[in-house]
Amino acid sequence: MEKPVKVGLLGLGVVGTGVLEILADHQEKIEKSIGCPLTVTKALIRPTEDKDEMAKKYNLQLVHELTDIIEDPEIDIVVEVMGRIEPAKTFIAEALKAGKHVVTANKDLLAQHGSELASLAHEQKRNLYYEASVAGGIPILRTIANSLAADDIQEVLGIVNGTTNYMLTKMVTEQLDYDTALKQAQELGFAESDPTNDVDGIDAAYKMVILSKFAFGMTINMDQVKVKGIRGLSGNDVTVADQLGYTVKLIGSTVKQGDSIAAEVGPVLVPSDHPLASIHNEFNAVFVKSSGIGESMYYGPGAGSRPTATSIVADLMTIVNKIQLGTIGHRFSEYTQPTKLTPPEEIVSKYFLSLKMPDETGQFLQLAEIMAKAGAGLEQVVQEKAQVENHARVVVITHKMSETTMSQIQKDIAEKTNFELLSTMKVMGE
Ligand code: HSE
């Protein structure tokens, strides 16, 4: 048995604790796989934190200075599980410059500064791995980078935020309203400490930036992802969608058309017989359409201490393998393509529109005229009494049209009618 590979942890919260547990509980298998023990010897915590009991249990030294870890010649790999941008970004950069390999689960950081950190790792001939940053326990990045390496991916659709999937599930199955569903998700600990990034789609967008790089080799930034969350989504819309044969899901998508891609996050009506419609509660799934394999879907827990830690420890083991083979310094995903974005006039889909209009003769005709002028056909129409007296609530599902056509319709509704456009969502399907 070779000498142990030593690891320094930056942060000892829920995920850091999970790393210690997985290393301890699965020690025998890990050692047999990599041929040496893998052990955390030091953890960086804030001076205000009390982690003495844990340090004793896992036989590790608690430190308050980064230098205690990155200047320790015994430590080969640093695991960053602090979250947020700073000081995590500086700490990772310092660790790489000090010659350490780095594993992180930090999606916010990777989506915004991933290229810079990956280039630094490459320059330093060190590895930077981050399997846990997308969909926690689902091994999706390595699957795309390795198992789908020979395939031509056309689209990646993901339910990559557990908080919103939990909320939407409860809104459909228990008719909970938005606020009650959010409160429950927070109590169960799925949401970020500030759930803004969850409900506004930002957390999912971070993950789609990373997935776009792996699937298409293109580096996009957050401004290039069209993001809409589920804040304020009405229970009524979710229920009508259900009646029309659709399940509302917060879908992150990155889709290739020719040599360009479009990345987006938003609530989407998913046909109830599509595999993504069956992903319930806090679970995540990533659906991949590719020319070789066809359709494949990867399902599992998108967060949580042990699932996330399992992905982190697998990254650690991959690095140990590479150290042993002398093949360090390659990027997690080597595939690179020039970034090109699909223009809005070429991005087409069906749409769901929910409107409130006066319950008077000729009102619907106005809507029909606007749609006809834009060249948009109607596939389904539902009208019911609105809660406001003398008003009707009209829901339509259109045929496929471009984002530009949809914007024109929204503009015409605002300028030419006294309808209230309550919501719009994309609808998946042909
Ligand atoms: N808040 C995130 C979620 C955690 O709800 O999925 C995992 O990134």
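Note that the coordinates shown come from a computational prediction; the quantities given were computed from them, not determined experimentally. Ligands are counted one by one from 1 in listed order, and the atoms in each one are counted from 1 as well.
Protein residues having at least one heavy atom under 4.0 Å from any atom of ligand 1 are K107, N161, G162, T163, F190, E192, D198, D203, K207, G302, A303, listed by chain and number.
The side-chain hydrogen bond (donor to acceptor under 3.5 Å, both in side chains) search around E21 returns R306, not counting sequence neighbours. Partners of D152 under the side-chain hydrogen bond (donor to acceptor under 3.5 Å, both in side chains) rule, at least two apart in sequence or in another chain, are K256. Applying the side-chain contact (heavy atoms from CB on, under 4.5 Å) test to D259 and every residue at least two apart in sequence or in another chain returns K340.
Centroid-to-centroid, the aromatic rings of F332 and Y130 come within less than 6.0 Å.
Classified by interplanar angle (parallel below 30°, tilted 30° to 60°, perpendicular above 60°), the ring pair Y299/F283 is parallel.
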side-chain contact (heavy atoms from CB on, under 4.5 Å) evaluation trace for V14 with T17: CA-CA 5 Å; V14 175; T17 307; 6.0 Å; no
